[in-house]
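Because the structure is predicted, anything quoted here is derived from the model rather than measured.
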Amino acid sequence: VAKFYWVGLFLLMFLLFLGEIRVTQPHILIISSQTKDSLQTRYLNQGIDEAIAKNRLPVSVLRHYMDLDTLPSRSQMQRKVEEVLTLVRHKSPDVVIVAGHDANNLLATQLSTDNPNMWIVPVAIAINPEEFGYTNKPRLVGVIRRLPFVGIADFIKTIDGNKATHAAIIGGDTYGNKRRVDSFKDSPPGNIQLGDMLLSNCWDEWQTFISKQKKSTDMLL
């Protein structure tokens with residue numbers, strides 16, 4: 001009887017230990033702007049997996065992909081936002097990692113006001129987190145990715161020497177691209193003269209834009 005008593009006590013303590021770990025381990029929710037198979041998402045997941053593998057403490061990780069790079073309509077975007085907010089309320093994560101301009105732009109205001117005790121980590125962004133609407137949020141830390149303006153200037157200088165290069169800009173009509181264009185216009189490299197710009201999600205408009213470029217255009221960014 002004593003033998004079975006100690007075995008039972010051991011099993012009970014072991015189950016309680018597992019339950020304690022499950023309760024106390026940090027819960028991390030990763031929100032990605034893009035699809036699961038996008039290059040940015042794969043790099044993000046690879047880095048997070050490597051960091052977790054080096055961590056000796058157990059953590060719980062949940063990933064959610066907003067698929068905003070598939071260019072959803074306004075109503076679809078709002079539904080995707082509601083999905084994230086519902087997930088946050090249901091899971092009550094300790095840390096939310098928000099990856100990408102579009103996800104941060106859509107979620108910042110509500111995440112920062114509805115969840116005062118939750119850590120928020122914006123990543124893969126090129127502006128300060130406060131510019132997205134993260135206000136009065138003491139538990140906020142992010143990683144800003146600056147565009148390599150100097151690298152672009154050096155690359156063009158290698159090709160064209162010191163002569164001025166006339167460049168046109170084209171891209172998808174997304175929040176992130178609008179911010180990139182604004183940043184480029186505010187501080188363009190010294191040897192680049194900016195010409196026409198088009199942000200559109202229409203392939204025909206892209207083709208028309210390219211076909212109507214002047215002969216003086218040296219480069220398409």
Side-chain angles (χ1 to χ4, degrees), residues 26-55 59-74 76-88 91 93-112 118-134 137 140-152 155 169-185 187 197-203 206 220-221:
H27 295 271
I28 302 174
L29 174 61
I30 304 169
I31 306 296
S32 176
S33 288
Q34 301 185 4
T35 58
K36 182 178 181 179
D37 297 325
S38 72
L39 185 62
Q40 174 179 284
T41 301
R42 292 203 301 268
Y43 280 140
L44 176 70
N45 286 337
Q46 179 182 353
I48 290 175
D49 290 343
E50 290 178 357
I52 291 176
K54 296 177 182 177
N55 180 28
V59 295
S60 171
V61 179
L62 178 64
R63 306 170 203 260
H64 181 81
Y65 306 97
M66 297 185 71
D67 299 347
L68 297 176
D69 51 339
T70 59
L71 305 175
S73 65
R74 185 174 297 275
Q76 290 174 320
M77 291 175 67
Q78 184 57 40
R79 188 174 71 250
K80 290 176 181 293
V81 169
E82 291 300 327
E83 289 175 355
V84 171
L85 297 178
T86 300
L87 187 61
V88 170
K91 295 296 184 180
D94 301 291
V95 179
V96 173
I97 300 174
V98 187
H101 277 267
D102 299 311
N104 280 281
N105 183 47
L106 292 170
L107 298 170
T109 302
Q110 296 183 74
L111 284 180
S112 60
M118 183 177 67
W119 280 95
I120 301 178
V121 185
V123 299
I125 57 176
I127 61 176
N128 292 324
E130 291 78 10
E131 296 184 57
F132 289 111
Y134 291 112
K137 184 62 184 172
L140 176 70
V141 58
V143 180
I144 300 177
R145 179 186 61 191
R146 297 297 187 189
L147 288 178
F149 296 127
V150 175
I152 293 174
F155 173 72
I169 294 181
I170 189 172
D173 187 9
T174 66
Y175 173 80
N177 279 345
K178 289 176 182 177
R179 296 299 310 203
R180 293 182 182 100
V181 168
D182 289 342
S183 298
F184 206 100
K185 289 165 64 177
S187 56
M197 302 183 191
L198 172 68
L199 293 182
S200 171
N201 300 326
C202 176
W203 174 247
W206 278 41
L220 185 66
L221 299 178

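In this structure, the side chain of Gln76 engages the main chain of Ser73 through a donor-acceptor pair within 3.5 Å. Asp67 places no side-chain N or O within donor-acceptor distance of the main-chain N or O of Ser33, the cut-off being under 3.5 Å. The main-chain N or O of Val98 is found under 3.5 Å from a side-chain atom of Asn104 such that the two form a donor-acceptor pair.
Just one of His101, Lys80, Gln34 meets the side-chain contact (heavy atoms from CB on, under 4.5 Å) condition when paired with Leu68; it is Lys80.
The shortest side-chain heavy-atom distance between Val95 and His27 does not fall under the 4.5 Å cut-off. Contact check for Glu83 versus His64: side-chain heavy atoms found under the 4.5 Å cut-off. Under the 4.5 Å side-chain criterion, counting only non-hydrogen atoms from C-beta, Tyr65 is in contact with Thr41. Side-chain contact between Arg63 and Asn45 is present, with at least one heavy-atom pair separated by less than 4.5 Å. Counting heavy atoms from C-beta on, the side chains of Val96 and Val121 never come closer than 4.5 Å. Side-chain contact between Thr86 and Val88 is absent, with no heavy-atom pair separated by less than 4.5 Å. Between Leu221 and Ile170 the shortest side-chain heavy-atom distance does not fall below 4.5 Å. Side-chain contact between Ile120 and Met118 is present, with at least one heavy-atom pair separated by less than 4.5 Å.
Residues that satisfy the side chain to side chain donor-acceptor pair (under 3.5 Å) test with Asn201, not counting sequence neighbours, are absent from this structure. When the side chain to side chain donor-acceptor pair (under 3.5 Å) test is applied to Glu130, no partner is found at least two apart in sequence or on another chain.
The aromatic rings of Trp203 and Trp206 are tilted relative to each other, their planes meeting at an angle between 30° and 60°.
Asp69 CG to Asp102 CG: the interatomic distance, rounded to the nearest 0.5 Å, is 8.5 Å. The structure places CG of Asn105 at 11.0 Å from CD of Glu131, a figure rounded to the nearest 0.5 Å. Distance CG/Leu199 to CE/Met197: 9.0 Å, rounded to 0.5 Å.
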- I would like to know whether Leu107 and Phe132 meet side chain to side chain contact (heavy atoms under 4.5 Å, CB included); could you show each step before the answer? CA-CA 9 Å; Leu107 298 170; Phe132 289 111; over 6 Å; no

- Message: I'd like to know whether Ile28 forms a side chain to side chain contact (heavy atoms under 4.5 Å, CB included) with Leu62, so could you lay out the CA-CA distance, the side-chain angles of the two residues, the decisive distance to 0.1 Å, and finally the verdict.
- Response: CA-CA 6 Å; Ile28 302 174; Leu62 178 64; over 6 Å; no

- Decide yes or no on side chain to side chain contact (heavy atoms under 4.5 Å, CB included) for Gln78 and Glu82, but give the supporting numbers first. CA-CA 6 Å; Gln78 184 57 40; Glu82 291 300 327; 3.1 Å; yes

- Under the side chain to side chain contact (heavy atoms under 4.5 Å, CB included) rule, what do Ile169 and Leu198 come out as? Steps first, then yes or no, please. CA-CA 6 Å; Ile169 294 181; Leu198 172 68; over 6 Å; no

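Smallest separation of non-hydrogen atoms from Ile31 and Met66: CG2-SD, 3.7 Å. Residues Pro129 and Leu140 share a closest heavy-atom pair of CB-CD2, 3.9 Å. Between Gly100 and Gln40, the closest heavy-atom pair is CA-NE2, 4.0 Å.
No hydrogens or angles considered: nothing links the side chains of Asn128 and Tyr134 as a donor-acceptor pair under 3.5 Å.
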